[in-house]
Amino acid sequence: MSLTADPPACTVPAAGGTSTHKLVNGGADKLIFKIKSSNNNEYRITPVFGFIDPSGTKDITITRTAGAPKEDKLVIHFANAPADATDAQAAFAAVTPAGTVTIPMSATA
């Protein structure tokens, strides 16, 4: 079971902007994920919960609102998805995360 992010880091203007990243499932099992941010005041992540098919990908969008330049991070918690799961948010509550991927975020002036 493996999950990677491409690109592995995010740089956006402190005045606001967006960055798109691809989560890549390098394994043979369907994965479920939840994304947490160290700064929920200035960043919005879409989607927060989701599934990634075996050897598949999922695009996520990081949106930054205007604020002071600073360093933050996203942490993506992931696990094998339950076989019958259809609602990622509900299903994630029932699993124990098996790993994490961290995306450093930098807001520059």
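Sequence positions, counted from 1, serve as the residue numbers for this chain.
For the side chain to side chain contact (heavy atoms under 4.5 Å, CB included) criterion with Ile52, the lone passing option out of Asn25, Thr57, Ile32 is Asn25.
Proximity of Val12 to Tyr43: side-chain heavy atoms (C-beta onward) are separated by under 4.5 Å at one or more points. Proximity of Asp29 to Pro54: side-chain heavy atoms (C-beta onward) are nowhere separated by under 4.5 Å. Side-chain atoms of Lys34 and Pro97, non-hydrogen and from C-beta on, never get closer than 4.5 Å to each other. Residues Ser19 and Thr61 have side chains not in contact (no heavy-atom distance under 4.5 Å, counting atoms from C-beta outward).
Partners of Asp59 under the salt bridge (Lys or Arg N to Asp or Glu O under 4.0 Å) rule, at least two apart in sequence or in another chain, are Lys22. Residues passing the salt bridge (Lys or Arg N to Asp or Glu O under 4.0 Å) test with Lys30, sequence neighbours excluded: none. Listed by chain and residue number, Asn39, Glu42, Arg64, Asp72 satisfy the side-chain contact (heavy atoms from CB on, under 4.5 Å) test with Lys70 (two or more places apart in sequence, or in another chain).
The shortest heavy-atom contact between Ala15 and Ala66 is O-CB, 3.5 Å. Across all their heavy atoms, Phe51 and Thr86 have their closest contact at CE1-O, 3.7 Å. Between Val75 and His77, the shortest heavy-atom contact is CG1-NE2, 3.6 Å. Closest approach of Ala98 and Met1 over heavy atoms only: CB-CE, 3.5 Å. In terms of heavy atoms, Ala14 sits closest to Ala68 at CB-C, 4.3 Å. Of all heavy-atom pairs between Thr102 and Pro104, the closest is O-CD, 3.6 Å.
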Could you check Leu31 against Asn80 for side chain to side chain contact (heavy atoms under 4.5 Å, CB included), going step by step and ending with a plain yes or no? CA-CA 5 Å; Leu31 296 180; Asn80 284 333; 3.5 Å; yes
Determine whether Thr63 and Thr46 satisfy the following criterion, side chain to side chain contact (heavy atoms under 4.5 Å, CB included), listing intermediate values before the conclusion. CA-CA 8 Å; Thr63 304; Thr46 307; 5.8 Å; no
Worked check of side chain to side chain contact (heavy atoms under 4.5 Å, CB included) between Leu3 and Leu23: CA-CA 7 Å; Leu3 183 70; Leu23 299 181; 4.1 Å; yes
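Phe92 and Ile35 are assigned to two separate hydrophobic clusters, defined by single-linkage of ILVMFWY side chains at heavy-atom distances under 4.5 Å. Cluster annotation: Leu74 and Val24 are assigned to distinct hydrophobic clusters (Ile/Leu/Val/Met/Phe/Trp/Tyr, side-chain heavy-atom contacts under 4.5 Å, transitive). In the hydrophobic clustering of this structure, Phe33 does not group with Phe49; members are Ile, Leu, Val, Met, Phe, Trp, Tyr whose side-chain heavy atoms approach within less than 4.5 Å, directly or through other members. Linking Ile, Leu, Val, Met, Phe, Trp and Tyr whenever their side-chain heavy atoms come within less than 4.5 Å puts Val101 and Ile62 in one cluster.
Atom CD1 of Ile60 is separated from atom CD1 of Ile45 by 6.5 Å, given to the nearest 0.5 angstrom.
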